[in-house]
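Structure first, commentary second.
Atom set for the values below is all heavy atoms of this structure, side chains included, hydrogens, waters and symmetry mates excluded. One-based numbering, in listed order, for ligands and for the atoms of each. Note that the structure is predicted; figures quoted are calculated from it, not measured.
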Amino acid sequence: MSFRKILVANRGEIAVRIIRACKELGIATVQVYSQADADSLPVMLADESVCVGPGAGKDSYLNVPNIVSAALITGAEAIHPGYGFLSETASFAEVCASAGIKFIGPPVSAIEAMGDKATARETAKRAGVPTVPGSEGIIASEAEAIKVAAGISYPVILKATAGGGGRGIRVVFSEDELIAALKVSQSEAAAAFGNADVYIEKYITSMRHIEVQILADEHGHCVHLGERECSVQTVRHQKVVEEAPSATLSHEQRLAIGAAAVKAAQAVGYANAGTVEFIWTPSGEFYFMEMNTRIQVEHPVTEAVTGIDLVQAQIKIAAGETLPFTQEDIRWHGHSIECRVTAQDPSRGFAPGAGRLTNVRVPGGLGVRVDTQIYSNYLMPPFYDSNLAKVIVWAETRAEAIARMRRCLDEFLIEGIPTNIAFLKTILDDPRYRGNDVSTAFLPTMMEELGMTG
Ligand code: MV4
């Protein structure tokens with residue numbers, strides 16, 4: 001059994017990515033789009049398209065009734081949500097199910113279990129996955145916050161249970177700051193997520209962000225596809241450069257963290273593609289951080305080193321197929337790097353830009369992949385994220401991959417709006433980056449040294 005027609009409930013490069021996977025599987029595509037995206041590449045590439053509302057995301061790509069109606073009217077049997085928008089909204093997956101449409105993603109129960117980060121942490125801990133010392137679930141009172149923090153010792157980090165990806169977090173260095181920080185964290189969380197609940201962890205002062213790709217079918221099989229190194233992020237938790245594998249992990253460590261990721265996924269009855277995020281310490285210990293129950297922006301680096309098409313795998317799993325490989329069949333070859341090219345202006349605090357791309361010239365050559373929605377004369381709408389393109393390179397070694405990426409960034413020409421391409425070159429040229437001497441502090445430090453804000 002496979003699907004005959006899939007609706008793509010997203011936009012930009014990930015919509016293009018999903019359409020490509022469908023085409024190769026012989027599946028027809030319906031692209032939903034906003035009025036601002038009428039001339040977009042996914043609309044051109046899809047077999048059919050349906051306008052679901054005005055430019056603002058909340059009126060179009062988050063408009064559940066319109067998207068589900070578009071699927072019913074066009075006879076799409078499944079919806080691929082991509083990343084962002086409705087991809088991790090359990091109620092959307094539920095509405096799809098009640099309309100008889102397959103949501104290409106995990107079960108509603110798994111989205112819910114991992115969507116609440118304090119619950120996810122407890123679930124991982126109970127399953128035997130290492131977690132950072134901290135509170136048991138959410139903080140119920142100021143007295144409990146003081147007691148927990150004193151017990152694990154400062155610094156501590158406050159995280160919103162409804163957050164994720166670093167939104168609504170506060171680092172606290174001493175007890176005098178704790179209660180004020182707790183109040184700020186709770187009110188920020190309430191405003192951002194409609195849920196004020198916060199949990200506490202020991203703050204790990206030097207860490208790498210290492211995440212593990214997993215794939216699970218709906219028949220109880222689950223494998224990991226190794227890790228991605230995502231430590232190069234801005235102080236606002238924007239990932240900028242990602243790699244697979246991490247140059248830091250030995251093969252034994254890869255298998256150990258991979259097995260932990262599989263355990264976490266199995267603890268919530270996971271199916272489809274997912275990513276388990278870990279803190280990696282300088283001494284080689286790792287701790288569960290959170291799980292993302294969707295395909296991620298940086299998935300292509302894992303595809304490059306494993307040869308597995310993750311979006312095709314998502315579709316086949318949702319159609320009820322069994323995983324065609326076991327853990328022992330997964331092999332890793334070479335090194336892959338992704339750079340996120342964005343419409344951000346480094347000279348204006350990385351403010352997001354929009355407007356007409358008067359001229360575009362995309363890099364290419366052996367071992368180069370560019371996932372993008374842009375083309376010459378494309379009008380970048382102001383409503384959405386600032387991603388313009390992902391440049392993904394593959395080479396035998398990390399050094400060769402860096403040289404290839406550097407060459408690609410020189411080739412890439414985008415005229416008409418400011419981009420971060422020069423900033424990406426600065427990162428690739430930094431001896432700390434080249435020497436894999438990075439932690440999550442690397443990029444904020446580099447930017448401060450260069451007098452950059454943002
Ligand atoms: C942490 C941490 C240190 N210790 N958790 C959470 C979301 C992820 N994207 C970043 N997060 C972190 N979680 C513990 N227990 C450090 C980070 C972190 C960070 C925290 C504050 C300000 C900037 C940061 C940049 C990268 C990682």
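Ring geometry, Tyr61 versus Phe85: the interplanar angle falls from 30° to 60°, so the pair is classed tilted.
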Less than 3.5 Å apart, N/O on ligand 1 and N/O on the protein: could you list those pairs with the distances?
residue: ligand 1; atom: 4 (N); partner: Ile204; partner atom: N; Å: 2.9
residue: ligand 1; atom: 5 (N); partner: Lys159; partner atom: NZ; Å: 2.9
residue: ligand 1; atom: 13 (N); partner: Lys159; partner atom: NZ; Å: 3.1
residue: ligand 1; atom: 15 (N); partner: Glu201; partner atom: OE1; Å: 2.8
residue: ligand 1; atom: 15 (N); partner: Lys202; partner atom: O; Å: 2.8

Listing, residues 156-165 side-chain donor-acceptor contacts under 3.5 Å, not counting sequence neighbours, or none:
residue: Lys159; atom: NZ; partner: Glu201; partner atom: OE1; Å: 3.1
residue: Thr161; atom: OG1; partner: Asp116; partner atom: OD1; Å: 2.9
residue: Thr161; atom: OG1; partner: Asp116; partner atom: OD2; Å: 3.3
residue: Thr161; atom: OG1; partner: Lys117; partner atom: N; Å: 3.3
residue: Thr161; atom: OG1; partner: Ala118; partner atom: N; Å: 2.8

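Between Lys239 and Glu211 a salt bridge is recorded (basic side-chain N to carboxylate O distance below 4.0 Å). In this structure, Arg228 does not pair ionically with Glu242, as no charged nitrogen and carboxylate oxygen lie closer than 4.0 Å.
At least one cation-pi condition fails for Arg126 and Phe288: the charged atom is not both under 6.0 angstrom from the six-membered ring centre and inside a 45 degree cone around its axis.
Annotation for Glu136: atom CD does not count as buried by contact number, only 12 or fewer foreign heavy atoms lying within 6.0 Å.
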